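Step one of this worksheet: look at the structure below.
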Amino acid sequence: MDDYRSAPAPASSAARTRPPERGSGIPLGRLFGVPIFLAPSWLLLAALITLTYSQFLSAQRTLPMTTGFVLGFGFVVCLLLSVLLHELGHAVTSRHSGIGVSGITLEMLGGYTEMEREAPRPGVELFVSLAGPAVSLLLGLLAGGVALVLPAHSLAETFAFQLALSNIVVAVFNALPGLPLDGGRALQALVWKISGDPNLGRRVAGWSGRLVAVATAATVVVLYSQGVLDRIFGLLFTLLVSITMWVGAGQAIRHGRVASSLPPFNARELARPVIPVAAATPLAEAERIAQQSGGQPLAVVDGAGAMLGFVHGASARAVPAERRPWVPIGDVTRRIDEHHVLAGDLRGTDLLHAIRDDPGGDYLVVSGEDVHGVLRGAELLSLLETRRSTSRPTSRRNRT
């Protein structure tokens, strides 16, 4: 299973708007400019698959134990590369569609690609979602073709066949219509296209994902009880995938509900105009200016008029009243960093995603060289809570 936003996904079986939110784990470098990370949990999966695959080969052929482990580890590496290519399918199509990619993380249950923002249109969502399964299907067909030309019943033919089967299973499983699977993204895009509401699509695909999770768990239990699936590892792994799917589907449903309550404004429309104040201005004078302006945010500027940052409320309040006429406002200023600058067109869940590291902070809102003002995270969250409260149905009690 795989997720190309922010949530983890079961894998090879392969596959978060999750996760870690920014790639975490062991950095492996970059491909096509995309940072690649390897989660430590993958090492556990590698050990389990190496052991299981070596036992499978030993049961089929007479092989030294060392050879079985080498081939098992080689199979794991091939699966890892397959998952990576699957995720690159999402990443490349996302960039082609104008959506930034923060990174790819490969982990125990597969992998996930973190996008910088949501798809702008249902067609883009559909295109990006199906790219991963298409890559896996292509890899499966290529490996199957290699297996056909290799000597029958040879070790190489068995290896290629198993690799083909794994990739085709990944492609088919991820195409199932339920979040957090890729097929769930496709279903979300279709509902979005029909209804015009991306959040309705997310909720529908989330509930469908829960049905797929239950069906997957029930199917594997039945197969195991009938002796069709005779390995406990396969049973436990698939049940873990089902549980992860259930959790991811629930997150998608909640995400859809929260996103529906978000204000229909972008960051530029929510930004408040700022009043420039020189860094040498005494704190007492700056407070007087703020009161006269009705509490508008103060932007601290240097002698050339370049913006330095905003007044840090806690630091300003900590200054004793008798010292405020002598303390320059520059001493209680929080400098602007790249993590506190927002694009003016950010809206909805993309906007919440951008302020997640400091939800109560102040953010400079810009469009190119134009400065629109400051967006206060605390005010945005308060607005969100107000909208959610007013959207809840009020209970009524009949008196008798």
Side-chain angles (χ1 to χ4, degrees), residues 1-7 9 14-19 86-102 112-138 170-213 215-216 245-246 248-267 269 343 345-354 387 391:
M1 176 179 71
D2 95 300
D3 184 351
Y4 57 85
R5 282 189 315 159
S6 56
R16 261 2 228 288
T17 39
R18 357 65 282 136
H86 178 114
E87 297 302 328
L88 281 173
H90 292 311
V92 172
T93 51
S94 294
R95 284 193 163 179
H96 178 75
S97 303
I99 304 173
V101 179
S102 301
Y112 55 90
T113 302
E114 185 192 357
M115 308 305 180
E116 292 179 352
R117 61 179 60 198
E118 301 280 353
R121 299 180 303 280
V124 173
E125 181 80 15
L126 184 65
F127 178 50
V128 175
S129 66
L130 295 181
V135 170
S136 295
L137 180 60
L138 178 60
V170 167
V172 172
F173 184 74
N174 274 282
L176 295 177
L179 287 173
L181 298 172
D182 294 329
R185 305 285 176 201
L187 175 60
Q188 175 187 339
L190 292 175
V191 176
W192 179 5
K193 178 67 175 178
I194 294 171
S195 67
D197 184 353
N199 298 312
L200 175 62
R202 187 176 287 111
R203 295 196 299 273
V204 169
W207 282 108
S208 180
R210 284 186 164 179
L211 292 176
V212 172
T216 300
M245 285 181 56
W246 178 274
Q251 291 174 342
I253 295 169
R254 289 190 294 273
H255 185 184
R257 289 172 179 165
V258 171
S260 297
S261 65
L262 291 176
F265 310 116
N266 58 29
E269 295 166 325
D345 61 349
L346 282 178
R347 67 172 67 241
T349 53
D350 289 330
L351 181 55
L352 287 183
H353 184 79
R387 288 177 60 88
S391 66

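Just the heavy atoms: all of them, side chains too, but no hydrogens, waters or symmetry mates, feed the values below. Remember, predicted model here, so these are calculated numbers, not experimental data.
The two atoms that bring Pro180 and Ala249 nearest to each other are CD-N, 3.9 Å, heavy atoms only. Nearest heavy-atom pair across Gly206 and Ala252 is CA-CB, 4.3 Å. The shortest heavy-atom contact between His96 and Phe127 is CD2-CE2, 4.1 Å. The heavy-atom pair separating Met115 from Ser94 by the smallest distance is CE-OG, 2.8 Å. Of all heavy-atom pairs between Ala131 and Gly89, the closest is CB-O, 3.4 Å. The nearest pair of heavy atoms linking Leu187 to Pro177 is CD2-O, 3.6 Å.
Residue Trp246 holds its CH2 atom at 8.0 Å from CG of Leu211, rounded to the nearest 0.5 Å. Interatomic distance, Thr216 OG1 to Met245 CE, rounded to the nearest 0.5 Å: 5.0 Å. Interatomic distance, CG of Asn199 versus NE2 of His255, reported as 7.0 Å (0.5 Å rounding). The structure places CH2 of Trp207 at 4.5 Å from CD1 of Ile253, a figure rounded to the nearest 0.5 Å. Summarising the geometry, atom CG belonging to Leu200 is positioned 10.0 Å from atom CD1 belonging to Ile194; distances are rounded to the nearest 0.5 Å. Note that CG of Leu126 and CG of Leu190 are 6.0 Å apart. Values are rounded to the nearest 0.5 Å.
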Under the side-chain contact (heavy atoms from CB on, under 4.5 Å) criterion, do Leu179 and Arg202 qualify, and how do the steps go? CA-CA 8 Å; Leu179 287 173; Arg202 187 176 287 111; 4.1 Å; yes
Begin from the C-alpha positions of Arg117 and Asp345 and carry the test side-chain contact (heavy atoms from CB on, under 4.5 Å) through to its verdict. CA-CA 11 Å; Arg117 61 179 60 198; Asp345 61 349; 3.8 Å; yes
Step-by-step side-chain contact (heavy atoms from CB on, under 4.5 Å) determination, Arg203 to Val191: CA-CA 10 Å; Arg203 295 196 299 273; Val191 176; over 6 Å; no
Please report the C-alpha distance between Val101 and Glu116 in whole Å, then the side-chain angles of each, then the deciding distance to 0.1 Å, and finally whether the side-chain contact (heavy atoms from CB on, under 4.5 Å) criterion is met. CA-CA 6 Å; Val101 179; Glu116 292 179 352; 6.0 Å; no
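No donor-acceptor distance shorter than 3.5 angstrom exists from the side chain of Ser97 to the backbone of Ile99, with no hydrogens or angles considered. Judged by distance alone, with hydrogens and angles left aside, the side-chain atoms of Ser208 form no donor-acceptor pair with the main-chain N or O of Val204 at under 3.5 Å.
Using modelled atom types, one finds no donor on one side chain facing an acceptor on the other under 3.5 Å when comparing Asn174 with His86.
In this structure, Pro133 and His90 have side chains that are in contact, with non-hydrogen atoms separated by less than 4.5 Å.
When each of Val92, Asp182, Thr93 is checked for a side chain to side chain contact (heavy atoms under 4.5 Å, CB included) with Val128, only Thr93 meets the rule.
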